[in-house]
Amino acid sequence: MTKFAKLSRIIAAQGAVLLKNESDFLPLQDNENVAVFGRCQFDYYRSGTGSGGSVNVEYATDFINSLKEREKVNVNEEVFCAYKRWVSENPVNKGDGSWASEPWSQEEMRVDEELIKNAATVSSKAIIIIGRTAGEDKDYTAEPGSYYLTDVEQQLITNVCKHFGQVGVVLNVSNIIDMSWENDDIDMIIYAWQGGMEGGNAIVDVIVGDITPCGKLPDTIAHSIDDYPSTKNHGGSKRNLYQEDIYVGYRYFETFAPQKVKYPFGFGLSYTTFEVEIISECKLLSEYHIDIKVTNTGDTYGGREVIQVYSEPPQGYLGKPTCALVGFKKTKYLEPGESEEFELVIPLNLVASYDDSGATRYKSAYVLEQGEYLLHISNSCRYIYDTVRFTIPHCLIVTQLYEALAPTTNFSRIKPLFNADGEVTIAYEKVPVRNVDLVKRIKIRVPNEIEYTGDKGYKLQQVRDGEIVMEEFIAQLSREDLEILVRGEGMSHPDVTPGTASAFGGVTEKLRAFGIPLVCAADGPSGIRMENGSYATQLPIGTLLASTWDTELIERLYVMEGKELKENYIDVLLGPGLNIHRNPLNGRNFEYFSEDPILTGKMAAAVVRGIKRGGANATLKHFACNSQESYRHEIEAIVSERALREIYLRGFEIAIKEGEATSVMTAYNPINGHWCASNYDLNTTILREQWRFKGIVMTDWWARMNYVIDGGPATRTNVASMIKSQNDIYMVVGNYGAETNENNDNLSEALNSGWLALGELQRCAMNICKFVMATRSLERNEQLFSKPQLFEAMEANPQVPPLVDLAIDIREKTEQFYFDQAGVYQVDVTYSSIAKGFAQTTCNILLNNKLMTTIQVGNTKGESVTKKLATVQLVEGAYELKLDYVSGELSINRIAFVPIHD
Ligand code: BGC
């Protein structure tokens with residue numbers, strides 16, 4: 001754990017992006033006098049909010065205490081004390097405790113100008129910390145306190161700049177924010193992002209010069225939110241047209257509007273300088289090889305540089321961005337004067353474009369159009385060290401595919417139009433619509449049914465050992481078994497690691513008797529979410545990881561994450577998240593990596609490989625186009641096949657091909673008419689046929705599906721369409737609800753009517769079994785958590801009332817009772833919740849101060865619900881039952897002990 005936290009700290013430091021550093025502001029020198037403003041110096045944001053931010057940590061670090069501990073600089077005590085007092089009197093506002101109610105920012109202290117003026121007589125430098133958060137079910141809005149600074153923050157910057165000669169700003173944010181407040185009096189700006197539990201220490205490591213900044217922006221910072229091409233088509237409630245097409249982020253800005261960029265993609269400063277030269281280059285059939293030498297030309301600081309390669313292709317028939325990342329590599333740590341040589345290999349398929357219209361005469365193929373291609377060796381998408389060129393004499397097919405997932409709605413997309421002087425304007429062209437007959441495509445691919453054999457005594461282990469084939473194993477499962485197998489249960493399942501998101505696979509005794517283990521899945525992505533209060537290591541957010549541009553380091557970090565998962569008996573992490581940062585207002589951008597699909601894919605592949613090496617499995621989510629949180633269950637992405645292939649699906653493709661990912665979670669939203677969880681072209685044609693994915697696909701929690709062929713409205717019960725599309729698992733039905741079909745899904749009905757073929761259900765069952773047999777759950781031959789937990793009684797106390805009817809009506813948070821019927825019991829809990837939507841409310845139930853179970857549920861619309869939650873063994877004696885509410889809006893009304901007889 002210590003090593004894990006240590007590496008996490010190094011990464012949090014190496015992902016900080018220094019945008020401006022004038023007048024030798026950084027690094028701070030010994031004994032400098034510094035005043036620190038902004039409440040986030042104490043209230044450091046470790047992460048964004050929602051499932052991706054809920055990691056319970058043993059400790060956390062903050063900026064100011066970490067800075068003071070070093071005793072390197074003299075921190076202005078008057079300012080420190082003023083903030084300390086104010087922060088203790090104005091605690092962090094977490095909203096009303098319910099899901100997504102935490103505000104984007106915290107109230108700032110209104111700093112008296114006198115205090116600033118006095119501070120400036122003692123301290124020569126001022127650092128202002130600005131914090132922001134957002135997250136699941138909580139997009140940023142283009143308002144003060146969210147994307148923009150508040151008046152109080154703006155005033156603070158103005159006053160500090162007025163009195164201090166040197167001013168720096170540290171941004172402890174989950175995402176890029178508006179930066180129009182920047183002025184010439186500000187000497188230093190650094191994006192610290194959110195660095196997890198070690199983030200406070202990490203940013204101080206950079207500020208004091210223990211680590212030379214080496215992060216680079218994974219997103220473009222434009223002058224205004226309105227400059228982003230997606231802004232006008234983002235944030236809708238029903239549908240968003242992806243009119244900007246492949247021109248996302250810097251692909252748009254560099255092609256059409258370079259003047260709108262404040263800080264370019266890939267940009268980040270160091271304390272030292274580098275020189276880059278090309279030693280040699282050569283083009284092979286499908287790759288370009290470039291040998292590079294990088295030298296640290298500074299004389300004081302060591303550091304690392306990121307060499308980035310951008311292609312500048314000919315416009316051809318298709319039209320292309322004038323700049324697209326095709327490769328990158330970060331140097332090792334170079335001492336002043338030291339050099340490193342390495343080879344960059346650029347696969348030409350990354351330079352190719354997807355023709356979704358047939359304009360090149362090669363429809364549905366990745367092509368290299370005829371003309372001259374430039375590869376720029378750079379350290380941002382703007383600053384070019386050197387360029388190599390090659391010519392493609394005539395249009396070349398790189399990969400021939402077939403059409404999939406094309407839109408059915410007519411709309412137009414942008415395209416560059418260059419005149420003879422090389423000036424560009426935005427032109428519009430019609431987006432090619434679907435030509436494929438989906439009915440036919442699905443019908444001819446329905447797999448044959450495997451004949452039911454009944455129980456032949458085969459166990460799943462025998463498939464793994466090669467004694468029988470998967471088909472023989474699956475043939476033993478009845479229709480009911482198969483229906484149950486595709487239903488995942490959760491959250492906080494009593495039979496797996498407490499407080500986790502799901503248990504799937506062997507969800508019944510009968511399935512377990514076939515040797516199908518119960519597999520445990522937990523959020524993710526930046527540490528393990530265990531809602532019962534157990535500790536885990538909280539890592540830096542995805543955007544920070546991407547800012548390191550260091551896939552090797554990220555892989556090492558996630559090897560440790562894999563080990564932590566394994567130690568906690570968790571088989572699957574619900575991460576990485578790898579949706580594209582289409583717009584800066586997306587609340588969940590923090591979990592995702594970048595606006596660029598190549599950087600995204602390489603990072604995700606590193607995470608997947610790392611987790612696997614550590615002993616667990618990653619899940620790529622949310623497949624795909626989960627570009628906003630508002631209306632995330634309904635908002636339809638209407639997007640061209642080209643943009644899907646080149647931008648929105650590409651990261652997933654790389655993570656599957658280079659990371660060998662075996663688990664994918666579909667997104668809530670529909671794409672081009674079909675909800676992702678029942679989208680055949682997404683889950684079968686592209687994912688499995690074209691990319692050769694061999695793993696499982698699960699829905700997001702309580703997802704909806706519409707008809708796999710005809711589309712139409714979506715429901716949570718159309719699981720038959722989910723299966724037909726080859727989304728294998730429905731997440732989630734309640735605990736122990738798979739067997740009773742608690743969700744009331746339409747599987748039986750669809751099989752009875754013949755609409756769904758048994759072969760289709762068996763196909764998903766085989767996907768699941770192949771996956772689970774490769775997890776460690778198979779080796780855990782006993783179910784760790786389903787064994788009855790033994791509880792010792794307390795010291796006898798004559799006042800404790802006896803338990804009547806083996807049940808206790810809950811009136812207080814603590815209840816005592818005397819139990820005189822020793823034995824093994826099933827614990828049934830009756831509760832109701834009024835939490836909004838599918839918000840997850842949680843409560844730990846402790847018996848004699850030992851966790852008995854964690855209850856984590858969604859809204860019951862106020863209705864009373866009874867659930868089996870644990871199995872316990874009690875001896876005769878006195879007991880104290882305690883309810884520890886982790887989040888509100890849940891009432892626990894009754895707890896009953898139901899005897900279990902053998
Ligand atoms: C989120 C997923 C998460 C799941 C389980 C959903 O609301 O969108 O990313 O993995 O819940 O917590």
Side-chain angles (χ1 to χ4, degrees), residues 47-56 98-100 134-139 488-493 496-504 519-532 536 541-542 561 565 570-579 586-593 604 607 611 616-635 652 661 663-669 675-677 696-704 716 727 729-735 835-842 854-859 886-887:
S47 170
T49 58
S51 61
S54 309
V55 181
N56 196 32
S98 65
W99 188 254
E136 189 172 347
D137 276 317
K138 181 119 183 159
D139 279 330
E489 296 182 347
M491 309 176 73
S492 286
H493 200 290
V496 292
T497 305
T500 53
S502 168
F504 67 96
V519 175
C520 176
D523 283 306
S526 308
I528 309 174
R529 175 187 183 202
M530 287 177 282
E531 285 287 354
N532 66 331
I541 58 171
E561 176 68 27
L565 287 160
I570 298 167
D571 309 289
V572 182
L573 184 78
L574 302 172
L578 56 152
N579 296 90
N586 182 9
R588 256 180 129 171
N589 276 351
F590 79 95
E591 290 184 54
Y592 310 147
F593 297 110
V607 170
I611 293 181
N617 300 276
T619 303
L620 308 179
K621 71 183 187 188
H622 307 90
F623 193 50
C625 294
N626 186 182
S627 305
Q628 67 178 53
E629 284 300 295
S630 317
Y631 309 100
R632 62 181 175 149
H633 290 268
E634 294 96 37
I635 184 75
F652 291 92
S663 171
V664 167
M665 182 195 296
T666 44
Y668 285 129
N669 52 279
W675 263 257
C676 292
I696 48 163
V697 179
M698 64 179 81
T699 67
D700 199 343
W701 270 228
W702 311 287
R704 294 201 272 164
R716 294 202 164 84
N727 182 322
I729 307 173
Y730 186 78
M731 292 292 199
V732 285
V733 301
N735 297 332
K836 63 177 184 252
F838 277 86
Q840 300 146 13
T841 52
T842 311
T854 300
I855 162 161
Q856 189 180 13
V857 292
N859 188 1
V886 180
S887 50

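Below, each value reflects all heavy atoms present in this structure, side chains not excepted, and no hydrogens, waters or symmetry copies. Order of listing sets the numbers, starting from 1, for every ligand and every atom in it.
With a heavy-atom cut-off of 4.0 Å, E591 does not touch ligand 1 at all. Neither the backbone nor the side chain of E629 comes within 4.0 Å of ligand 1, counting heavy atoms alone. With a 4.0 Å heavy-atom cut-off, ligand 1 is reached by the side chain of M665 but not by its N, CA, C or O.
Residues F623 and C676 have side chains not in contact (no heavy-atom distance under 4.5 Å, counting atoms from C-beta outward). Counting heavy atoms from C-beta outward, W701 and Y730 have side chains that stay 4.5 Å or more apart.
Atoms of ligand 1 lying under 4.0 Å from at least one heavy atom of H622, given by number and element, are 2 (C), 8 (O), 9 (O). Every atom of ligand 1 is numbered from 1 in the order shown, and the set under 4.0 Å from a heavy atom of Y668 is 6 (C), 7 (O), 8 (O). Those atoms of ligand 1 with a heavy atom of M491 less than 4.0 angstrom away are 12 (O). Near R529, the atoms of ligand 1 lying under 4.0 angstrom from a non-hydrogen atom of the residue are 12 (O). When each atom of ligand 1 is checked for a heavy atom of R588 under 4.0 Å away, the hits are 1 (C), 2 (C), 8 (O), 9 (O). For ligand 1, the atoms lying closer than 4.0 Å to a non-hydrogen atom of L574 are 10 (O). Each of the atoms 2 (C), 3 (C), 9 (O), 10 (O) of ligand 1 lies under 4.0 Å from some heavy atom of K621.
The two residues V55 and S526 come nearest to each other via the heavy atoms CG2-O, 3.9 Å. Heavy atoms only, all atoms of each residue included: S47 and G53 are closest at OG-CA, 3.3 Å. Here the shortest heavy-atom pairing between T500 and A521 reads CB-O, 3.6 Å. Heavy-atom minimum distance, L574 versus A501: CD1-CB, 3.7 Å.
By the 3.5 Å distance cut-off applied to N or O atoms, E136 is counted among the residues near ligand 1.
K621 has a carboxylate O that lies under 4.0 Å from a charged side-chain N of D523, or vice versa, which qualifies the two as a salt bridge.
In this structure, W702 has no heavy atom closer than 4.0 Å to ligand 1. The shortest separation from a heavy atom of R632 to ligand 1 is under 4.0 Å, placing the residue in contact.
When atom types are taken as modelled, the side chain of D700 and the backbone of T666 share no donor-acceptor pair closer than 3.5 angstrom. Proximity of a side-chain donor or acceptor of T699 to a complementary backbone N or O of M731 within less than 3.5 Å is detected.
Closest heavy-atom approach to atom 2 (C) of ligand 1 within the set D523, D700, L573: this belongs to D700.
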